[in-house]
Structures are given as C-alpha cells and as structure tokens.
Amino acid sequence: MAHPNRRDLGLLVLRVGTGAVLAAHGTQKLFGWFGGGGIEGTAGAMSAMGFHPARESAIAAGLGETGGGVLLALGLATPAAGAAAAGAMAGAVSVHAPAGFFAQAGGYEYPAFLGFTAAAIGITGAGRYSLDHATCHVLDRPWVVATAFLGTALAAAAVVGRRAQGRAEGAAADAGADAGEPDDH
C-alpha cells in the first residue's frame, strides 16, 4: 500500500534541503553572503572562467540558484524552479568537467548532483506540502514543465557553447602567440 503522507513528507524534506543549498550558493554570488564574492567578485570569476558578458552571467547564475532554490523550498512554480536551478548547475558542470567527476579532484560531481536533484523535483512536482498544492497547481501544469525545461536546455546549451567557443578561440590565439604568429584578435 502506498503511503502518500510519507512520499509528500519526503518531497518536502528533499525540496527544502536542496532549495536551501542552492539559495545559499546563489546569495554568495548575488549579495556576497556566506563568504561569497557578490556580483563584482562573481563577475570577475565568471570572466576568468570564460563566461561573457561576465556581470550578466554572474547575475543569471545567482538568480538561477537563489530564485530556483527559494521556489523549490517553497514548492512554488516547481517546474520553473527546478529548470532554473538545473540550468545554473549545467554552467557549473561545464566549469568543473575538465577535472573529472569526483569533487575531491575539483570535478563536477556536486553541481551535477544538485542539478539532477533540482530537475527531478521540477519534473516530479512538489507534493502536497507545497505552495503549488495550495494554489491548485496553477504554476505546475504539464505545459509549464515542458516550456521551462525546453527553455532552460536551450539557454544552457547556448551559454555553455558560447563559453566553449570562446575558450577554444583563446587557446588558439595563445598557441599562435606561443608559435610566434601574430595575434589577429
């Protein structure tokens, strides 16, 4: 026999825990809380990581994590929240991927886990102990799931692709400079 109260309670715990972690990371980027760099520090880091324009990338990452995290914790607009957080984590995965999978080597294990968890919650729904349930799921419809995840996938692919292209062009320019070729940039 199914235990809907246990399932809904489990979703509540998962949503609040995941949402809190994401929101904490996002507020580091946006406001400098918890030892973070704030917008300016994050923009500098984003530039060094190859995300351009850096300030806008910092704001987008901070909003995706903070907004997605808060909305996940509340269980409000859960598909959009899960998609936004997963999209932000896709960018983080692209940064950590060269170091391999495991976090102890600087790999992408942690942001991938957060992204998959946020996506799973966004697809599954928030459960009965949520604002989505209290509002009769007005922001948790099948079309919202499809639109949010499609839009986020396209945006993440564009951002990660633009970063990869810029890094490849930078590497080619560096290789040309090392070989004594003039830099045409």
Side-chain angles (χ1 to χ4, degrees), residues 1-34 36 38-39 42 46 51 55-97 103 108-163:
M1 178 172 186
H3 297 281
N5 290 336
R6 254 185 23 210
R7 182 175 37 247
D8 291 320
L9 187 59
L11 280 169
L12 173 66
V13 171
L14 185 62
R15 276 191 0 257
V16 170
T18 303
V21 169
L22 285 162
H25 280 276
T27 59
Q28 288 180 307
K29 291 172 178 64
L30 292 176
F31 310 118
W33 295 356
F34 310 112
I39 293 294
T42 303
M46 290 291 206
F51 289 100
R55 182 175 176 79
E56 288 80 357
S57 296
I59 292 169
L63 288 175
E65 292 177 14
T66 303
V70 168
L71 290 173
L72 279 175
L74 296 171
L76 180 64
T78 304
M89 292 300 99
V93 165
S94 76
V95 170
H96 292 277
Y108 63 92
E109 171 185 18
Y110 185 62
F113 181 75
L114 284 174
F116 285 127
T117 302
I121 296 167
I123 291 167
T124 302
R128 283 193 287 187
Y129 306 126
S130 68
L131 290 178
D132 276 340
H133 183 74
T135 59
C136 299
H137 300 277
V138 70
L139 298 173
D140 183 16
R141 305 274 189 224
W143 69 267
V144 176
V145 175
T147 303
F149 279 94
L150 178 62
T152 296
L154 293 173
V159 168
V160 170
R162 185 172 59 225
R163 175 182 179 264

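Count residues from 1 along the sequence. No hydrogens, no waters, no symmetry mates; every other heavy atom, side chains included, goes into these values. Quick caveat: nothing in here was measured; it's all calculated off a predicted structure.
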Non-hydrogen side-chain atoms of [X] and [Y] separated by less than 4.5 Å:
{"X": "Glu65", "Y": "Leu30", "answer": "no"}
{"X": "Leu72", "Y": "Thr78", "answer": "yes"}
{"X": "Pro79", "Y": "Asp140", "answer": "yes"}
{"X": "Tyr129", "Y": "Leu11", "answer": "no"}

In Å and rounded to the nearest 0.5 Å, what is the [atom1] to [atom2] distance from [X] to [Y]?
{"X": "Leu114", "Y": "Leu22", "atom1": "CG", "atom2": "CG", "result": "5.0 Å"}
{"X": "Ile39", "Y": "Glu56", "atom1": "CD1", "atom2": "CD", "result": "10.0 Å"}
{"X": "Phe34", "Y": "His25", "atom1": "CZ", "atom2": "NE2", "result": "10.5 Å"}
{"X": "Arg7", "Y": "Thr124", "atom1": "CZ", "atom2": "OG1", "result": "11.0 Å"}

Open item on the list: Tyr108: which residues meet the ring pair (Phe, Tyr, Trp, His ring centres under 6.0 Å) condition with it, sequence neighbours left out?
Closed with: Phe101
Task: Shortest non-hydrogen contact from Ala119 toward Ala86 - done: CB-CB, 4.1 Å
Open item on the list: Strictly distance-based, threshold 3.5 Å: is any side-chain N or O of Ser94 a donor or acceptor partner for the main-chain N or O of Gly91?
Closed with: yes
- [ ] Report yes or no: does Arg15 contribute a side-chain atom to a donor-acceptor pair with the main-chain N or O of Ala126 at less than 3.5 Å?
- [x] yes
Open item on the list: Out of the candidates Asp132, Leu131, Val144, Leu71, only one should pair with Leu139 under the side-chain contact (heavy atoms from CB on, under 4.5 Å) rule; please name it.
Closed with: Asp132
Open item on the list: My understanding is that only residues two or more places apart in sequence, or in another chain, count here; which of them pass side-chain contact (heavy atoms from CB on, under 4.5 Å) with Phe31?
Closed with: Thr27, Trp33
